Amino acid sequence: MNRQQLAEMGHWRRLPLIQSAKWRWGLTLGLAAYLVLALSTVDVNWDRVIEGAGRGLNFLAAFAQPNFASRSSDIYAGILESLSMTLTATVIGVALAVPIGLGAARNISPWPVYYLCRSIITVSRTFQEIIIAILFVVMFGFGPLAGMLTLAFATIGFIAKLLAEDIEDLDWHQVEAIRATGASWWQIINQAVQPQVMPRLIGLSMYRLDINFRESAIIGIVGAGGIGATLNTSISRYEYDTSAAILLIIIAFVLLSEYGSSYVRRWTQ
Amino acid sequence: MFVDNSKQSVPTWRLRTTRAQWLSYVAWLAGVCLFLLCWKQISDNTMWVFVEDAGSQGVDLVGRMLPPEWSYAQHLWQPMWDTLNIATLGTALGVAMAFPVAFLAARNTSPHPAIRSVALVIIVASRSINSLIWAMLLVTILGPGVLAGIIAIALRSIGFVGKLLYEAIEEINPAPVEAISATGASQAQVMSYGVLPQVMPAFAGISVYRWDINIRESTVLGMVGAGGIGLQLNASINTLAWSQVSVIFMMILATVLVSEWVSARIRHATI
């Protein structure tokens, strides 16, 4: 009996997510096999976990009474450094990302430029900020400059990729209209492309500002400035009340920037 | 749009009124001042002597990385497999936790505004804290290893998946939901026949997208002891074995490119 006849007799069943039975069972079995294989690599030292569970509870308890006071000068300096790294890195990163984004848009750039810009984007997006930070710390020495350059480099990949996609989707009629007036390449970009992508570029930059702040909280682990160093020290010293305070500050700033950016985006779009 | 014809006989078109133009200048000035202030803060905390030879340091670094020590690759298969497992199991766990949170956070499926705000706080807290920070905490609690990495990835993914999913739930078409509740269906039946089928494609797309991001993130979790290829990376960097580091970089690049391709294919098939 097929599905149709069963349904007419009142035994209706919804359609399966994957139509072909062969694929459905193959995927299920494959998934089960993978789970067994993958879970077998997870070895847990239960004695260690029991020992650590107490620390976990201490950490949760620390959120109830965060300690902003005992390391307040370190926290203040770290947050200030994180904020200035975030802002400068976003400005520099976006400024560099715009030409690369233009170059990585298939519809307006010649192929050698296209491939060059695409590979810059791929490299920037593949490697986590912390890896780039290690390399930049080796090159530029410890301190916020290496962190700023790291965040700027990561910003390039993010903004340029999304900007390029945006340019590839733009309304071509306006470009043709401007081109029909005899405009140069520069004028086409300025008058036909830029007005179409500007609101989204501003929105993306605000979003990236938010991401950069969150990332600036970790690159301090490898010595690239910001609040990360203070956070790392407080966690390894088991000073969870200070860690909780820092994490709460980070969450508060992210919330603030989220509200701020949604306000700015509403204003520009 | 503003046409100023008070002074000239020929009307000139301008984008902004004079007041808006001035406001925009002031905003730019404030922005530039803020930028310079931040730059000063960074520059004061920088040892410029180290920066002066950055170029030669960079050339030296590349020189040490080349040629890559390809024979080292055979030690990397196991950590790479761990990295993939951290990303995949972490995504699965995170998605499983994000699923109920998203339904509690969406305005149209949340049982109570108070519960909704708790769910939103969970989403923001999870998104604000980087997976490396989660990993650092979990390594001190659970001890180093793959498990800490999996949980770190899962905790970080809740916010991302939860946020995108609850936005998808809020955008569903209310008509099927109304139709199903009109048949006298229970709350659970409305969910399973009215809401779920509408958000399933978005859910699959978001999960695969997050998996792709998690592959990247899990490559560095080992730097704080949470398993995967990051452990090898950290060891090679600490021993200044830069020719091994370049092999690890190639490996990460290849894995990320493959995962990006897989994720694009799956998203294409589901949406």
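Letters A, B, ... mirror the listed sequences (proteins, then strands); counts begin at 1. Just so you know, these numbers come straight off a predicted model, no measurement behind them. Quick note: numbers below take in every heavy atom, side chains included, and nothing from hydrogens, waters or symmetry partners.
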- Min side-chain heavy-atom separation A/L247-B/L137 under 4.5 Å: yes
- Task: Considering only heavy atoms and a distance below 4.5 Å, find which of B/L257, B/I86, B/T140 pairs most often with chain A.
- Result: B/T140
- Picking from B/I237, B/T88, B/D82, which has the most non-hydrogen pairs under 4.5 angstrom with chain A? B/T88
- Query: Side chain, backbone, both or neither: which part of B/L84 has an atom under 4.5 Å from a heavy atom of chain A?
  - Reply: backbone
- Give, as side chain, backbone, both or neither, the part of A/L35 having an atom under 4.5 angstrom from any heavy atom of chain B. side chain
- Message: Less than 4.5 Å to any heavy atom of chain A: does that hold for the side chain of B/I150, its backbone, both, or neither?
- Response: side chain
- Task: Counting only heavy atoms closer than 4.5 Å, note whether B/I42 contacts chain A via side chain, backbone, both or neither.
- Result: both
- Which one, A/Q128, A/M85, A/E81, leads in non-hydrogen pairs under 4.5 Å with chain B? A/Q128
- Looking at A/V91, A/L87, A/L83, which one forms a side-chain contact (heavy atoms from CB on, under 4.5 Å) with B/C38? A/L87
- Message: Is A/F127 close to chain B through its backbone or its side chain, or both, or neither, when contacts mean heavy atoms under 4.5 Å?
- Response: side chain
- Item | Spacing of B/M136 atom CE and A/S243 atom OG [to the nearest 0.5 Å] | 8.5 Å
- Task: Measure B/S131 against the heavy atoms of chain A and call it side chain, backbone, both or neither at under 4.5 Å.
- Result: neither
- Top residue by heavy-atom pair count (under 4.5 Å) with chain A, among B/L132, B/V146, B/N130? B/N130
- Is the side chain of A/R214 donor-acceptor paired with the backbone N or O of B/R127 at a distance under 3.5 Å, no angle test? yes
- Task: Check whether more than 12 heavy atoms from other residues, nucleotides or ligands sit under 6.0 Å from atom CZ of B/F35, and answer yes or no.
- Result: yes
- Task: Name the orientation class of the two ring planes belonging to B/W81 and A/Y34 (parallel below 30°, tilted from 30 to 60°, perpendicular beyond 60°).
- Result: perpendicular
- From the list B/K40, B/E217, B/R216, the residue making the most non-hydrogen contacts under 4.5 Å with chain A is B/R216
- Measure the shortest side-chain to side-chain distance between A/L135 and B/F249 over non-hydrogen atoms and say whether it is less than 4.5 angstrom. yes
- Query: Side chain, backbone, both or neither: which part of B/T219 has a heavy atom under 4.5 Å from chain A?
  - Reply: side chain
- Query: Using a cut-off of under 4.5 Å for heavy-atom pairs, which of A/A38, A/G143, A/G141 has the most such pairs with chain B?
  - Reply: A/A38
- Item | B/I215 portion near chain A, given a 4.5 angstrom heavy-atom threshold | neither
- Message: Taking side chain as everything from C-beta outward and backbone as N, CA, C, O, which of these in A/I134 sits under 4.5 Å from a heavy atom of chain B? Side chain, backbone, both or neither.
- Response: side chain
- Indicate the atoms forming the closest heavy-atom contact of B/I141 with A/G56, along with that distance. CD1-CA, 3.4 Å
- Query: With only heavy atoms counted, which part of A/I130 is less than 4.5 Å from chain B, the side chain, the backbone, both or neither?
  - Reply: side chain
- A/I50 versus chain B, the contacting section by heavy-atom distance below 4.5 Å: neither
- Pick from A/D210, A/L255, A/I218: which one has the most heavy-atom pairs with chain B under 4.5 Å? A/I218
- Heavy atoms of A/S84 and B/Q41 approach each other most closely as OG-CG, 3.0 Å
- Look up atom CG in A/L39 and atom CG in B/N85, then write down how far apart they are to the nearest 0.5 Å. 8.0 Å
- Query: Side chain, backbone, both or neither: which part of A/Y240 has an atom under 4.5 Å from a heavy atom of chain B?
  - Reply: side chain
- Task: Find the one option among B/V245, B/I129, B/L233 whose heavy-atom pairs under 4.5 Å with chain A are most numerous.
- Result: B/I129
- Message: For B/E260, which atoms come within 4.5 Å of any heavy atom of chain A: side chain, backbone, both, or neither?
- Response: side chain
- Contact part of B/I252 toward chain A, heavy-atom cut-off under 4.5 Å: side chain, backbone, both or neither? both
- Does any heavy atom of chain A fall under 4.5 Å from the side chain of B/V139, the backbone, both, or neither of them? backbone
- Distance in Å, A/L231 CG paired with B/I133 CD1, rounded so as to fall on 0.5 Å steps: 5.0 Å
